[in-house]
2 protein chains.
Amino acid sequence: MTSRRRQVLEILMAAADHPTASELFVRAREACAGVSMATVYNCLEALARNGLVRQVHIARDATRFCANPVDHAHFYCEACGRVFDVEYEKARPGPAVVLPAGFHATHRELSVRGRCAACGRKGRAKARAAWGRAKRKGL
Amino acid sequence: MTSRRRQVLEILMAAADHPTASELFVRAREACAGVSMATVYNCLEALARNGLVRQVHIARDATRFCANPVDHAHFYCEACGRVFDVEYEKARPGPAVVLPAGFHATHRELSVRGRCAACGRKGRAKARAAWGRAKRKGL
DNA sequence: CTAGGTGCAAAAGGTTTGCGGTTAA
DNA sequence: TTAACCGCAAACCTTTTGCACCTAG
């Protein structure tokens, strides 16, 4: 665990959204100039290997990262592209599958896709644009 | 529904694995020369929009496609990179989440990661190489 | 006739890699 | 000391886009 990795982890834990590696790279550069893209990827991979962050494969564009340690699922809004944490139902705390003999599972990932409350029934283009504007103005 | 789309769908339905767009492109060219990558992507997107194929976002490298119509989850072997269909437990037929107010879900996708039976506890490199060799020899 | 599908090539990201220099254990 | 890490730049691969032509309804 090096100082770079601690920095990346702190930035990710402070993030309410689910940033991509590029987004984390931008935030890391703000915190300290001279960080490289390769290092961000390197750190994220090491942190994921140690179970400190989760890689979220939910959108086609890029891998998102999540430092929330509690077991949860993710919601992807197909209109604005944002990713949200969602809880499992208490009565059915998690999905169960029948693995073929000899298969050994280490992780699972449940993704739900649809529309978030903010996007409602707005058109996809309109919703994405609205969120882009809001983001540029600083959330 | 055009002839190209029918072709792509047939190739995907005939596939036991979960091919990427590039892999489908190769198989499509064998079936009929002169198909372009853009068309394969175009067809897959149209077929997905109509619910005839599912996009599987499970690996970081590329989107996989699946024409199996029954509700099921996917298993990704972290050693060889293959993707398998897995069934839900009958008692707990599907994952349930608590969506925030105003959120509307259209799809869900459960991914399990780990090691398949063939890879067992072989090293990642060795397992991937073994599968690559087997594939080159024609499965 | 007209909207949408197709082929080609080029571009646009996201991610990985090779290499020289640096740092943690 | 030595294996692992960092920064830089280039490479790689997947996916998208612009444009001209063709096809289905």
Side-chain angles (χ1 to χ4, degrees), chain A residues 1-12 17-50 52-66 76 78 81 83 124-125 128 132, chain B residues 1-12 17-50 52-66 76 78 81 83 124-125 128-129 132 135:
Chain A
M1 175 61 78
T2 65
S3 74
R4 277 280 177 273
R5 296 191 179 173
R6 232 183 306 272
Q7 276 180 332
V8 170
L9 181 56
E10 273 170 25
I11 292 172
L12 183 55
D17 53 351
H18 292 73
T20 65
S22 308
E23 287 166 350
L24 281 168
F25 171 60
V26 171
R27 298 176 202 183
R29 278 201 100 91
E30 285 169 7
C32 69
V35 191
S36 76
M37 197 74 225
T39 298
V40 171
Y41 274 102
N42 195 342
C43 292
L44 288 170
E45 204 248 323
L47 290 167
R49 215 169 36 230
N50 289 55
L52 291 165
V53 315
R54 282 172 60 182
Q55 301 181 327
V56 182
H57 303 285
I58 196 168
R60 77 183 75 195
D61 56 352
T63 303
R64 314 300 182 98
F65 294 88
C66 176
Y76 175 77
E78 294 181 321
V83 174
R124 175 193 172 92
R128 192 180 283 273
Chain B
M1 176 61 76
T2 66
S3 74
R4 277 281 176 273
R5 297 194 177 168
R6 231 184 308 271
Q7 277 179 331
V8 171
L9 181 57
E10 272 170 26
I11 292 172
L12 184 55
D17 53 350
H18 292 73
T20 66
S22 308
E23 288 166 349
L24 282 168
F25 171 59
V26 171
R27 298 176 202 185
R29 279 199 100 90
E30 285 167 9
C32 70
V35 192
S36 75
M37 197 72 223
T39 298
V40 171
Y41 273 102
N42 194 343
C43 291
L44 288 170
E45 203 248 325
L47 290 167
R49 214 170 35 230
N50 289 58
L52 290 165
V53 314
R54 281 172 62 183
Q55 301 181 328
V56 183
H57 303 287
I58 197 170
R60 80 183 75 196
D61 56 349
T63 303
R64 314 300 181 98
F65 295 87
C66 176
Y76 175 76
E78 293 181 324
V83 174
R124 174 192 171 94
R128 192 180 283 273
K135 200 173 189 180

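Bear in mind the structure is a predicted one, so any value in this text is a computation, not a measurement. Proteins come first, then strands; the chains are lettered A, B, ... in the order of their sequence lines, and each starts at number 1.
Between B:Arg5 and C:dT6 there is a side-chain polar atom (N or O) within less than 4.0 angstrom of OP1 or OP2. Using a 4.0 Å cut-off, some side-chain N or O of A:Thr63 falls inside it from OP1 or OP2 of C:dT15. Residue A:Tyr41 places none of its side-chain N or O atoms closer than 4.0 Å to OP1 or OP2 of C:dT16.
Separating the CG atom of A:Leu44 from the P atom of C:dG14 is a distance of 14 Å, rounded to the nearest angstrom. Rounded to whole Å, the distance from CZ on A:Phe25 to P on D:dG7 is 10 Å. One can place CD of B:Gln55 at 16 Å from P of D:dT14, the figure rounded to the nearest angstrom. Between the CD atom of A:Glu45 and the C1' atom of C:dG14 there is a distance of 16 Å, given to the nearest Å. Residue A:Arg6 contributes atom CZ, which lies 15 Å from atom C1' of D:dC6 at whole-angstrom precision. A:His57 places its NE2 atom 12 Å from the C1' atom of C:dT15, with the value rounded to the nearest Å. Between the CG atom of A:Leu9 and the C1' atom of D:dC5 there is a distance of 17 Å, rounded to whole Å. The interatomic distance linking B:Asp61 (CG) with C:dG13 (C1') rounds to 16 Å, in whole Å.
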I'd like to compare against my own output: the B/S/- annotation of nucleotides 20-25 of chain D with a strict under-4.0 Å heavy-atom distance to protein. ------

Output, in order, the C-alpha distance, side-chain angles, deciding distance and verdict of side-chain contact (heavy atoms from CB on, under 4.5 Å) for A:Asp17 and A:Arg64. CA-CA 9 Å; A:Asp17 53 351; A:Arg64 314 300 182 98; over 6 Å; no

Can you list the steps and then say if A:Gln7 with A:Glu10 is a side-chain contact (heavy atoms from CB on, under 4.5 Å)? CA-CA 5 Å; A:Gln7 276 180 332; A:Glu10 273 170 25; 5.5 Å; no

What's the verdict on side-chain contact (heavy atoms from CB on, under 4.5 Å) for A:Glu23 and A:Val26, showing C-alpha distance, side-chain angles and the deciding distance? CA-CA 5 Å; A:Glu23 287 166 350; A:Val26 171; 5.8 Å; no

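Taking the side chain as every heavy atom from C-beta outward, B:Arg27 and B:Leu12 never approach each other to under 4.5 Å. The side-chain heavy atoms of B:Arg5 and B:Asn50, taken from C-beta on, include no pair separated by under 4.5 Å. With a 4.5 Å cut-off on side-chain heavy atoms, B:Met1 and B:Leu47 count as touching. Proximity of B:Phe65 to B:Arg54: side-chain heavy atoms (C-beta onward) are nowhere separated by under 4.5 Å.
Note on A:Ser3: nothing from the nucleic acid sits closer than 4.0 angstrom, heavy atoms only. If you check every strand for non-hydrogen atoms under 4.0 Å, B:Thr20 touches nothing.
Side chain of B:His18 to main chain of B:Val83: a donor-acceptor pair is present (N/O by atom type, distance under 3.5 Å, no hydrogens or angles).
With distances taken from any side-chain atom of B:Arg60 to the nucleotides D:dC6, C:dG5, C:dT16, the minimum falls on C:dT16.
Mapping A:Asn42 and B:Ala21 onto DNA chain D by nearest heavy atom places A:Asn42 at the nucleotide closer to the 5' end.
Listed by residue number, A:Gly34, A:Val35, A:Ser36, A:Ala38, A:Thr39 are the residues of residues 30-39 of chain A with a heavy-atom contact under 4.0 Å to DNA chain D.
Every pair passing side-chain hydrogen bond (donor to acceptor under 3.5 Å, both in side chains) that includes a residue from residues 28-38 of chain B is listed here, sequence neighbours excluded: B:Ser36-B:Thr39.
A:Ala31 approaches A:Ile11 most closely through the heavy-atom pair CB-CD1, 4.3 Å.
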